[in-house]
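A short worksheet on the structure shown next.
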Amino acid sequence: MRLSRYFLPILKETPKEAEIVSHRLMLRAGMIRQQSAGIYAWLPLGHRVLGKVQKIVEEEQNRSGAVQLLMPTIQSADLWRESGRYEAYGKEMLRIVDRHDREMLYGPTNEEMITDIFRSYVRSYKDLPLNLYHVQWKFRDEVRPRFGVMRGREFLMKDAYSFDLDQERAREAYNRMFVAYLRTFARMGLKAIPMKADTGPIGGDLSHEFIILASTGESEVFLDKSILDLPIPGEDTDFNGDLSEIVDAWTTPYAATDEMHDEAAFEALPEETKVSARGIEVGHIFYFGTKYSDAMNAKVTTAEGVDIPVHMGSYGIGVSRLLGGIIEASHDDDGIIWPTEVAPFHVGLINMKPGDECDPVCDSLYEQLENAGVEVLYDDRKTSAGQKFAGMDLIGLPWQLIVGPRGLKSGEVEIKNRKTGERESMSPEAAVAKLVAALKG
RNA sequence: CGGGCAGUAGCGCAGCCUGGUAGCGCACUACACUGGGGGUGUAGGGGUCGUGGGUUCGAAUCCCGCCUGCCCGACCA
């Protein structure tokens, strides 16, 4: 993509409403624009990252055996009356009346609807287990939206819903999501730590929040630092097999948010392993048994011919929120530092002097990299060098490839690693080889 | 939902106290010089002063209502 033909409204000054770093950087890097309190337009650069994050989420959901569908944003109030939540849900639910005076709502979540879909078609235990998920925009009319996309009113969320015959098998479904989450967040360059969460009236230990550590996090967390070094399950993980060993390994070291914190247990840890920090919740997995299947009559027939309500769980990932989380966890004074897997482009190609000898070199580099599957943002604008460098650092592409008259005198171009700041001069051919190896190797 | 603050050009702000027909920096346009870390100069364009009403010869400025947004707290993915 040529920057001269792209839409990247970079801001030099920081809009005053942005308090935390991810919000500031997303506005400055031209990723989002606020349209109302807690409601954002996704500008091209932000949209690209959002798509990449969503893709990783989908790939790992699919790998774990979940099946994707898409439910609407607008729902009927009647469905929610069945579960009793139409009355129970407070002002956070955006209620709408259509032209026929029918009561509708903009969905804050989808348990009712997925249960309705399930009960309409599934009758037999033979159709289980089943895990259906979707990635859709939701709306919660938060009293006080803030922190940019970290806590907006409109947000993109992945929600999976599992259906099983009994609690034992629901636990297996839970474990599959647990492991899928470990992989999902790791692929985005994040260390997400599963922490025991409040299960409410249902009880048991089947609820975890996945938290990433960041100084601007919303909640205080306490953990045994050994959890930070646990291995991430590989691509070859068998999701049809027993995953309890992995889950056990990840749930044994102490890790809790302040709500679930056990001061005595934490204090009993050796001093050098205790970590207290702040964290951002990016995912939540939850077993809730037959709460909705009871209320909404979602039953299957067992092998014995008895009808029983299905055991359900729900598993959320805040897709749009993750962008804020990733930036909170990965930035410096100059701007964002994207992990390669979610970077809007892989390489920022900087032409120091457009309209001159640099042009053919840049054109050739651009073509070679694109042909090798490397995504390049080519800054071909006729502006000062400083603007180009500062802009590239701000938007945080993993690599910069700098072509200037000075280097070309000796037949060299320069590569800069955004994260380490290392710069290296080499021939254009070597630069292409190195970038392709680093990005595609 | 309690407490506090703010709406003046795309962004950041001054002007308001003491009423007289709107200004600064950045950004934008044109040209020139530049071009290795947000460069320099010259010349320009752009504003229903959030909104409705009131006071006044005259309101960005004073008074009242409303809307919108932000910050702290409670709440929340």
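Residue numbering restarts at 1 for every chain, and letters A, B, ... go by the order of the sequence lines.
- Other residues, nucleotides and ligands place no more than 12 heavy atoms under 6.0 Å from the NZ atom of A:K225.
- Distance from the side chain of A:E17 is smallest to B:rC70 among B:rA77, B:rG25, B:rC70.
- OP1 or OP2 of B:rC1 lies within a sub-4.0 Å distance of a side-chain N or O belonging to A:K91.
- Searching all strands for a Watson-Crick or G-U wobble partner of B:rC31 with both distances below 3.5 Å returns B:rG41.
- If you check every strand for non-hydrogen atoms under 4.0 Å, A:G316 touches nothing.
- For the OP1/OP2 pair of B:rG35 and a distance below 4.0 Å, the side-chain nitrogens and oxygens of A:Q387 include no atom meeting the criterion.
- Between B:rG10 and A:R33, no contact under 4.0 Å exists linking OP1 or OP2 to a side-chain N or O.
- Counting non-hydrogen atoms of other residues, nucleotides and ligands closer than 6.0 Å to NZ of A:K196 gives a total of 12 or fewer.
- Here the side chain of A:A37 is nearest to one of B:rG38, B:rC1, B:rG69, namely B:rG69.
- The side chain of A:R146 contributes an N or O atom lying less than 4.0 Å from OP1 or OP2 of B:rC72.
- The local environment of CD in A:E367 is sparse, with at most 12 non-hydrogen atoms from other residues, nucleotides or ligands closer than 6.0 Å.
- Using a 4.0 Å heavy-atom cutoff across all strands shown, A:I280 reaches no nucleic acid atom at all.
- If you take atom P in B:rC62 and the same atom in B:rG25, they sit 26 Å apart, rounded to whole Å.
- Residue contacts for A:G407: at a heavy-atom cut-off of 4.0 Å it reaches a base atom on one of the strands shown.
- A centroid separation of 6.0 Å or more is found between the aromatic rings of A:H23 and A:F147.
- Ring centroids of A:Y254 and A:H261 are separated by less than 6.0 Å, placing the two rings close together.
- Distances shorter than 4.0 Å separate some side-chain N or O of A:K16 from OP1 or OP2 on B:rC13.
- Going from the C1' atom of B:rA14 to that of B:rC31 covers 31 Å, rounded to whole Å.
- When each of B:rG73, B:rC70, B:rA77 is scored by its nearest atom to the side-chain atoms of A:Q34, the top-ranked nucleotide is B:rC70.
- Atom CG of A:L8 and atom C1' of B:rG38 are 14 Å apart (whole Å).
- Figure legend. B:rC17 is base-paired to no nucleotide; pairs are counted as Watson-Crick or G-U wobble with both atom distances under 3.5 Å.
- Side-chain atoms of A:E414 and base atoms of B:rG36 include a donor and an acceptor less than 3.5 Å apart.
- Within 4.0 Å (heavy atoms only), A:G325 reaches no atom of the nucleic acid at all.
- Judged by Watson-Crick or G-U wobble contacts below 3.5 Å, the nucleotide B:rC24 has B:rG12 as its partner.
- Looking at A:R28, its side chain has no donor and acceptor atom pair within 3.5 Å of the base of B:rG12.
- Here, B:rU34 and B:rG41 have their P atoms 16 Å apart, quoted to the whole Å.
- B:rU68 atom C1' lies 16 Å from atom CZ of A:R144, rounded to whole Å.
- If you find the closest nucleotide of RNA chain B to A:E209 and to A:R406, the one lying nearer the 5' end belongs to A:R406.
- Taking the six-membered ring for Trp and the full ring otherwise, the centers of A:Y287 and A:Y315 sit at least 6.0 Å from each other.
- Distance from the side chain of A:E92 is smallest to B:rC75 among B:rC26, B:rC75, B:rC70.
- Within 6.0 Å of CZ on A:R171 lie no more than 12 heavy atoms contributed by other residues, nucleotides or ligands.
- Within 4.0 Å of A:K416, counting heavy atoms only, lies at least one base atom of the nucleic acid.
- Mapping A:H284 and A:S36 onto RNA chain B by nearest heavy atom places A:S36 at the nucleotide closer to the 5' end.
- Comparing the C1' positions of B:rA9 and B:rG23 gives a spacing of 11 Å, expressed to the nearest Å.
- Pairing partner, B:rC75: none, since no Watson-Crick or wobble contact has both distances short of 3.5 Å.
- For the P atoms, the distance from B:rA22 to B:rG50 is 15 Å, rounded to whole Å.
- Nucleic acid contact for A:T383: base, since at least one base atom lies under 4.0 Å from a heavy atom of the residue.
- With distances taken from any side-chain atom of A:I402 to the nucleotides B:rA74, B:rG36, B:rG35, the minimum falls on B:rG36.
- An aromatic stacking contact between A:F389 and the base of B:rG36 is absent, as defined here by ring centres under 5.5 Å apart and ring planes under 30° from parallel.
- Across all strands shown, nothing is found opposite B:rC49 as a Watson-Crick or G-U wobble partner with both distances under 3.5 Å.
- Between A:D380 and A:K388, no side-chain nitrogen of the basic residue sits less than 4.0 Å from a carboxylate oxygen of the acidic one, so the salt-bridge criterion is not met.
- Residue A:R140 places no side-chain atom within donor-acceptor reach of the base of B:rC76, judged by atom type and a 3.5 Å distance cut-off alone.
- For the P atoms, the distance linking B:rG54 with B:rU18 amounts to 24 Å, nearest Å.
- Rounding to whole angstrom units, CZ of residue A:R24 and P of B:rC71 are separated by 12 Å.
- Comparing atom distances between the A:D393 side chain and each of B:rG35, B:rG73, B:rG37 picks out B:rG37 as nearest.
- Spacing between atom NZ of A:K388 and atom C1' of B:rG35 amounts to 8 Å, rounded to whole angstrom units.
- Among the nucleotides B:rG36, B:rG35, B:rG39, the one closest to the side chain of A:R423 is B:rG36.
- Annotation: B:rC26 and B:rG19 have their C1' atoms spaced 31 Å apart (nearest Å).
- Comparing B:rU40 with B:rG45, their P atoms sit 22 Å apart, to the nearest whole Å.
- Across the strands present, B:rU68 finds its partner in B:rA6; the criterion is a Watson-Crick or G-U wobble pair with both atom distances under 3.5 angstrom.
- We find that CZ of A:R153 is positioned 15 Å from C1' of B:rC75, with the value rounded to whole Å.
- Base contact: A:E142 has a heavy atom under 4.0 Å from a base atom.
- Atom CZ of A:R33 is surrounded by 12 or fewer heavy atoms from other residues, nucleotides or ligands within 6.0 Å.
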